Amino acid sequence: MENQERAQKLFSAVQPSGAITIGNYIGAIRNFVKLQGEYDCIYAVADLHAITVRQDPAALRRNTLELMALFIACGIDPEKSVLFVQSHVPAHCELTWVLNTITYPGELSRMTQFKDKSARHADNVNMGLMDYPVLMVSDILLYQAALVPVGEDQKQHLELTRDLAIRFNNRYGATFTVPEPYILKDSGARVMSLADPSRKMSKSDENPNAFVTMSDDKDTIIRKFKRAVTDSDSVVRYAPEEKPGISNLLTIYHAFTGKSLAESERDFAGKGYGDFKLAVGEVVADALAPIRAEQARLLADKEYLRSVMKAGSESAARMARRTLSKVYRKVGFYSGE
Ligand code: AQP
C-alpha cells in the first residue's frame with residue numbers, strides 16, 4: 001500500500017464520441033494496459049468532453065458503456081487501475097470553473113484542435129469546444145498526475161496544463177503537480193485515415209471506410225483494408241512522405257504483429273498490394289477477435305460493469321475532492337464545513 005502511494009500517478013482518458021478505432025487502441029488503450037504495472041493509473045471515459053461535439057444521446061450512452069467494457073476487455077484491470085466515467089465525478093466541472101478564471105481566451109482560440117474542430121463543425125462552434133482544453137487540464141490536475149500518456153496531437157493541451165498549473169501555483173502557493181507528457185516514440189503513435197492517409201484516423205470521421213473500429217467483424221475489416229487508399233507504385237516500403245498509405249498499413253501491421261518495420265517490409269518483398277492489404281486485414285481481425293468476444297461477454301453483464309463504474313467513481317471522487325478542497329481554500333472560498 002505504501003509503495004502504491006509512492007508510485008507516480010498517471011492519468012488519461014478516451015472520449016465515447018463514436019466506436020473506438022484501432023488508432024485509439026494503438027495510440028492509447030494498449031499502452032494504458034502496459035503502464036498499469038509501473039504507475040498508479042487513472043483512466044476515464046471522457047463523456048463531458050464528448051458533448052463538445054453534437055452527440056446523439058442514446059448513442060452516447062451506448063458508447064460510454066461499450067468503451068468501459070472495451071477498456072476491461074483490452075486488459076485494464078479495475079482492481080489495479082481506477083476506471084471511471086468522467087461525468088460521475090463532479091469535481092471535473094468544478095475545477096474547470098476555477099481554472100477558467102486564470103485562462104485567457106487567446107490561449108484557447110489558438111489551439112490546433114479547437115481550430116480543426118471549429119472548421120469541421122462550423123454549425124456548432126460552442127463555448128465547450130473552446131473550453132475543452134481547460135476541462136482536460138482539470139482532469140489531469142485533480143489527480144496530481146505526474147505523467148499523461150497522449151498522442152502527439154494532444155501535446156499542445158499538455159503544454160497548457162503545465163502553464164495553468166504553474167500559474168496557479170505561483171499565484172496561490174504550491175497546489176498542483178506539474179505534469180509531463182508521456183509520448184510514446186513508437187511509430188504506431190499516429191495511425192492515419194484509410195481513406196486519406198494525410199489525416200489521422202478519427203472515430204468521428206463521416207466516412208466509415210476511413211477507420212477500423214474495435215468492434216468491426218472480420219469481413220468488414222478485410223473490406224476496409226482492401227479499399228484503403230495507397231499509391232500507383234507496387235512496392236511495399238515504409239516511406240511516410242512518399243508513400244503515406246502503404247506506410248500507414250505497415251505501421252498497423254507492425255503494431256499488431258510486433259515485427260519491426262524492416263521485417264514487415266521483408267514479409268511482402270515481391271508481393272503486390274492486394275496480398276499485403278489482405279494480410280494486414282487478417283492480422284488485425286485475428287488480434288481483435290478475442291477482444292471483441294470479451295467485450296461482448298462484459299456487455300452482457302451490466303451488473304458487473306455498473307459495479308466497476310461505481311467503485312471507480314468513488315475512488316476517483318475521493319482523490320479529486322482532496323485537490324478541489326485545497327483549491328477552494330487557496331482561492332478564498334469560505335468553507336461550508
Ligand atoms: N489516429 C490515432 N492514432 C494514434 N492515437 C490516436 N488517438 C486518437 N486518434 C489516434 C489517441 O487516442 C486517445 C483518445 O482520444 P480521444 O477519444 O480523447 O480523442 P481524439 O484524439 O480526438 O480521438 P479521435 O478518435 O480523433 O476522436 P474524435 O473523432 O471524437 O475527435 C488520445 O490519447 C489520442 O492521442
Side-chain angles (χ1 to χ4, degrees), residues 10-35 41-56 59-60 63-64 66-68 70-71 74 76 85-86 92 111-121 124 128-129 132-133 135-137 139-140 145 147-158 161 179 181-208 210-215 224 228 240 244-245 247-249 251-252 254-256 284:
L10 179 148
F11 176 92
S12 204
V14 177
Q15 299 180 77
S17 43
I20 302 304
T21 70
I22 56 170
N24 301 129
Y25 176 68
I26 295 172
I29 302 175
R30 78 178 176 148
N31 302 316
F32 294 178
V33 177
K34 291 188 207 148
L35 293 164
C41 300
I42 302 152
Y43 297 127
V45 175
D47 54 350
L48 295 172
H49 277 104
I51 60 163
T52 57
V53 168
R54 207 167 282 135
Q55 302 290 332
D56 169 54
L60 179 60
N63 288 332
T64 299
E66 286 186 0
L67 178 51
M68 200 68 184
L70 182 67
F71 271 148
C74 289
I76 293 176
V85 176
Q86 191 187 24
H92 290 254
M111 288 288 164
T112 310
Q113 180 181 289
F114 173 66
K115 288 195 250 176
D116 285 354
K117 289 203 171 172
S118 303
R120 268 199 283 147
H121 306 276
N124 185 26
L129 192 60
Y132 179 114
L135 178 59
M136 181 167 158
V137 171
D139 297 340
I140 297 162
L147 294 170
V148 186
V150 289
E152 281 286 343
D153 54 321
Q154 293 294 330
K155 224 171 143 183
Q156 215 184 12
H157 292 166
L158 244 297
T161 309
Y182 188 104
I183 293 174
L184 292 129
K185 291 285 165 273
D186 191 279
S187 56
R190 196 170 163 84
V191 177
M192 309 311 281
S193 154
L194 296 187
D196 175 0
S198 68
R199 288 172 41 185
K200 82 162 186 152
M201 182 180 285
S202 262
K203 60 177 116 64
S204 60
D205 201 306
E206 305 98 57
N207 178 0
F211 52 78
V212 170
T213 80
M214 297 296 287
S215 45
K224 286 183 178 178
S247 302
N248 187 38
L249 297 187
T251 298
I252 295 170
H254 147 74
F256 280 98
V284 173

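Here the structure is a predicted model, which means the values were calculated and not measured. Counting starts at 1 for both ligands and their atoms, following the listed order. Side chains included, hydrogens not; waters and symmetry mates left out as well; all remaining heavy atoms used. Note that the numbering runs from 1 along the sequence shown for the chain.
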Nearest-option assignment for atom 6 (C) of ligand 1, heavy atoms, candidates S193, G23, A255: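 Minimum heavy-atom distance to atom 6 (C) of ligand 1 goes to G23.
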Option whose closest heavy atom lies nearest to atom 16 (P) of ligand 1, chosen from M192, H157, Q113, K203: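 Considering heavy atoms of M192, H157, Q113, K203, the nearest to atom 16 (P) of ligand 1 sits in K203.
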Nitrogen or oxygen atoms of [X] and ligand 1 under 3.5 Å apart:
X    : answer
S17  : yes
Y132 : no
R190 : no
V14  : no
V191 : yes
N24  : yes

Without swapping roles, check the side chain of [X] against the backbone of [Y] for a donor-acceptor pair under 3.5 Å.
X    : Y    : answer
Q86  : H92  : no
N31  : I26  : yes
S202 : S204 : no
Y43  : F32  : yes

Any idea which part of [X] is under 4.0 Å from ligand 1, heavy-atom wise: side chain, backbone, both or neither?
X    : result
S202 : both
A28  : side chain
K117 : side chain

Donor-acceptor pair between T251 and N248 side chains, under 3.5 angstrom: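 Distance-only check fails for T251 and N248.
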Between K203 and S17: side-chain donor-acceptor atoms closer than 3.5 Å: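 Yes, side-chain donor-acceptor contact under 3.5 Å.
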Pairing residues for K200 by the side chain to side chain donor-acceptor pair (under 3.5 Å) criterion, not counting sequence neighbours: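 Side chain to side chain donor-acceptor pair (under 3.5 Å) list for K200, sorted by chain: D153.
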CZ/R199: more than 12 non-hydrogen atoms of other groups inside 6.0 Å: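 For R199, atom CZ is not crowded (no more than 12 foreign heavy atoms under 6.0 Å).
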